[in-house]
Enquirer: 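Take a look at this one; I'll ask things after.
The basis for the numbers below is simple: all heavy atoms, side chains too, and nothing from hydrogens, waters or symmetry mates.
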Amino acid sequence: MSSFWRFRPITLSLGPARKRAYALGPLPINGAGQLMEGGCKQLGIKTSPAANAALSAGYYREGVGYRPACANRGFCQAGCTIGAKASMDVTYIPLAIHHGAEIRPESFVTQLVQDTSGRIREVVYIRHGQEERQRCRFVFLCAGTIETARLLLVNNLANSSGQVGRNLMAHTGLQIWGEFKEDVRPYKGIPGALISEDTHRPKNADFAGGYLLQSIGVMPLTYISQMARARGLWGTR
């Protein structure tokens with residue numbers, strides 16, 4: 001087994017101390033993160049464990065229940081079979097149900113109906129091919145960047161500034177992969193384990209915003225499919 005795969009906790013932190021500590025400690029750094037740490041040390045770049053929405057130890061929360069610690073399987077992008085990853089299905093949804101919420105899945109909202117005073121009093125949605133209506137006193141629109149803007153625009157809501165749907169900022173990222181003699185096994189462990197903010201707001205920078213450096217554990221299928229596309233490896237041979 002490669003020395004790059006032996007988990008080693010890292011305690012270095014960036015920036016001022018937090019006023020409130022995280023409930024749990026950092027997750028182990030996987031092989032890709034350990035390679036990044038070694039390279040950054042040679043260049044004088046500070047690194048720290050990345051804050052991840054996954055449990056490093058078992059955790060209990062009222063209304064949610066007990067969730068086990070991350071098993072470091074590395075399949076985080078495809079979902080977490082044990083519930084260690086803090087996705088909606090194991091956190092906010094059970095908590096909402098615990099406090100009396102009703103979940104209506106597979107519902108597509110089409111209209112936010114206003115009364116004569118301009119207040120939203122009814123939500124119209126399609127579920128299982130049928131139109132349904134829900135009377136309401138309050139509406140919290142949490143539909144993400146695209147769907148939130150769509151619903152506001154088609155219902156002529158909250159756009160007195162004319163800025164709804166404009167000024168979208170994409171979360172761009174560049175992945176750089178390399179080959180090593182060591183058995184790195186980057187698909188094991190939490191993917192985004194290590195981070196550096198040295199290039200985010202460097203001193204004397206001639207630009208307004210910078211970038212972050214972060215390790216990533218690539219899945220075998222992701223690596224092969226992207227390599228095939230990049231090299232044009234498809235079609236009849």
Side-chain angles (χ1 to χ4, degrees), residues 18-28 30 49-114 119-155 157-158 164-165 168-171 173 187-193 195 212 214 216-219 221-222:
R18 291 174 54 87
K19 294 181 179 179
R20 182 178 179 183
Y22 288 116
L24 299 174
L27 287 154
N30 71 346
N52 279 285
L55 300 176
S56 59
Y59 195 77
Y60 176 83
R61 181 175 179 181
E62 182 72 28
V64 174
Y66 177 82
R67 293 167 51 216
C70 170
N72 295 302
R73 293 170 180 166
F75 283 73
C76 308
Q77 296 98 328
C80 181
T81 57
I82 63 174
K85 179 181 177 180
S87 50
M88 291 287 291
D89 58 322
V90 296
T91 54
Y92 290 112
I93 288 180
L95 187 62
I97 294 174
H98 175 76
H99 287 285
E102 177 187 348
I103 309 299
R104 299 180 186 176
E106 300 182 26
S107 300
F108 184 78
V109 176
T110 57
Q111 296 180 61
L112 303 174
V113 182
Q114 304 173 70
R119 297 183 65 87
I120 300 174
R121 294 303 185 188
E122 193 174 35
V123 176
V124 181
Y125 59 96
I126 305 296
R127 183 167 61 159
H128 306 310
Q130 301 294 320
E131 183 179 276
E132 300 184 21
R133 293 173 176 263
Q134 175 62 56
R135 296 283 297 171
C136 58
R137 292 178 60 194
F138 304 100
V139 173
F140 298 87
L141 184 53
C142 311
T145 302
I146 305 301
E147 283 299 298
T148 296
R150 180 190 69 83
L151 283 168
L152 291 176
L153 289 172
V154 298
N155 288 280
L157 289 168
V164 171
L168 174 65
M169 294 183 65
H171 184 142
Y187 51 87
K188 293 287 187 178
I190 194 78
I195 195 169
L212 303 178
Q214 187 169 21
I216 186 168
V218 62
M219 302 286 288
L221 181 60
T222 303

Enquirer: Rounded to the nearest 0.5 Å, how far apart are CD of Glu131 and CZ of Phe108?
Expert: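 The CD atom of Glu131 sits 12.5 Å away from the CZ atom of Phe108.
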
Enquirer: Provide the closest heavy-atom pair for Ala84 versus Pro68 in the form atom of the first, atom of the second, distance.
Expert: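 Minimum heavy-atom separation between Ala84 and Pro68: CB-O, 3.4 Å.
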
Enquirer: Look up atom CD1 in Ile126 and atom CD in Gln111, then write down how far apart they are to the nearest 0.5 Å.
Expert: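 Going from the CD1 atom of Ile126 to the CD atom of Gln111 covers 8.5 Å.
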
Enquirer: Report the C-alpha separation of Gln114 and Leu157 in whole Å, then their side-chain angles, then the decisive distance to 0.1 Å, and conclude whether the side-chain contact (heavy atoms from CB on, under 4.5 Å) test is met.
Expert: CA-CA 9 Å; Gln114 304 173 70; Leu157 289 168; 3.3 Å; yes

Enquirer: Say whether, by atom type as modelled, one donor and one acceptor occur between the side chain of Thr148 and the main chain of Ala143 under 3.5 angstrom.
Expert: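 The answer is yes, because a donor-acceptor pair under 3.5 Å joins these two groups.
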
Enquirer: List the atom of Tyr22, the atom of Ala51, and the distance in Å for their closest heavy-atom pair.
Expert: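 Reported closest heavy-atom pair: OH-CB, 3.5 Å.
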
Enquirer: Which heavy-atom pair separates Ala50 from Gly192 by the least distance, and what is that distance?
Expert: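 Minimum heavy-atom separation between Ala50 and Gly192: CB-O, 3.3 Å.
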
Enquirer: Show your reasoning for whether side-chain contact (heavy atoms from CB on, under 4.5 Å) applies to Leu141 and Leu151.
Expert: CA-CA 9 Å; Leu141 184 53; Leu151 283 168; 3.6 Å; yes

Enquirer: Kindly indicate whether the side chain of Arg67, heavy atoms from C-beta on, has any atom under 4.5 Å from the side chain of Val90.
Expert: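 Yes, their side chains come closer than 4.5 Å.
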
Enquirer: Going by an N to O cut-off under 4.0 Å, is there a salt bridge joining Glu132 and Arg127?
Expert: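 So Glu132 pairs with Arg127 through a salt bridge.
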
Enquirer: Is it true that a side-chain atom of Lys85 and a backbone atom of Cys80 form a donor plus acceptor pair closer than 3.5 Å?
Expert: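 Such a contact is absent between Lys85 side chain and Cys80 backbone.
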
Enquirer: If you round to the nearest 0.5 Å, how far is OH of Tyr187 from CD of Gln77?
Expert: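 Reported value, rounded in 0.5 Å steps: 14.5 Å.
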
Enquirer: Taking side chain as C-beta onward, heavy atoms only, is Ser56 less than 4.5 Å from Leu24?
Expert: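 Yes, their side chains come closer than 4.5 Å.
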
Enquirer: How long is the span from the NE2 atom in His128 to the CD atom in Glu106, to the nearest 0.5 Å?
Expert: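 With rounding to 0.5 Å, NE2 (His128) is 5.5 Å from CD (Glu106).
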
Enquirer: Just how far is it from atom CD1 of Ile190 to atom CG of Leu27, taken to the nearest 0.5 Å?
Expert: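 Going from CD1 on Ile190 over to CG on Leu27, the span is 5.5 Å.
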
Enquirer: Check whether any side-chain heavy atom of Thr81 lies under 4.5 Å from a side-chain heavy atom of Arg73, and answer yes or no.
Expert: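 Of all side-chain heavy-atom pairs linking Arg73 with Thr81, at least one is under 4.5 Å.
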
Enquirer: Restricting to non-hydrogen atoms, name the atom on Asn30 and the atom on Gly189 that form the minimum distance, rounded to 0.1 Å.
Expert: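 Shortest heavy-atom separation between Asn30 and Gly189 comes out as CB-CA, 4.1 Å.
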
Enquirer: Minimum heavy-atom separation for Tyr66 and Tyr60, please, with both atom names.
Expert: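 For Tyr66 versus Tyr60, the nearest heavy atoms are N-CD1, 3.7 Å.
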
Enquirer: Under a 4.5 Å cut-off applied to non-hydrogen side-chain atoms, are Leu168 and Thr145 in contact?
Expert: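 SC-SC contact between Leu168 and Thr145 confirmed.
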
Enquirer: Checking Arg133 against Tyr125: is there a side-chain donor and acceptor pair closer than 3.5 Å?
Expert: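 Tyr125 vs Arg133: no donor-acceptor pair found between side chains.
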
Enquirer: Below 4.5 Å, heavy atoms only, C-beta onward: do Val139 and Val123 meet side chain to side chain?
Expert: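 Yes, side chains in contact.
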
Enquirer: I'd like to check Glu122 versus Cys136 (side-chain heavy atoms, cut-off strictly below 4.5 Å). Are they in contact?
Expert: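 Answer no - side chains too far apart.
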
Enquirer: Give, for atom OG1 of Thr222 and atom CD1 of Ile216, the distance between the pair rounded to the nearest 0.5 Å.
Expert: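 Going from OG1 on Thr222 over to CD1 on Ile216, the span is 8.5 Å.
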
Enquirer: Return the minimal non-hydrogen interatomic distance between Ala69 and Gly58, and the atom names on each side.
Expert: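 Nearest heavy atoms, Ala69 then Gly58: CB-N, 3.8 Å.
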
Enquirer: Crowded around Arg137 CZ? As in, over 12 foreign heavy atoms under 6.0 Å?
Expert: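 Check fails, neighbour count at 12 or below.
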
Enquirer: Do Arg61 and Thr91 have side-chain N/O donor and acceptor atoms under 3.5 Å apart?
Expert: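 Thr91 and Arg61 do not have a side-chain donor-acceptor pair below 3.5 Å.
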
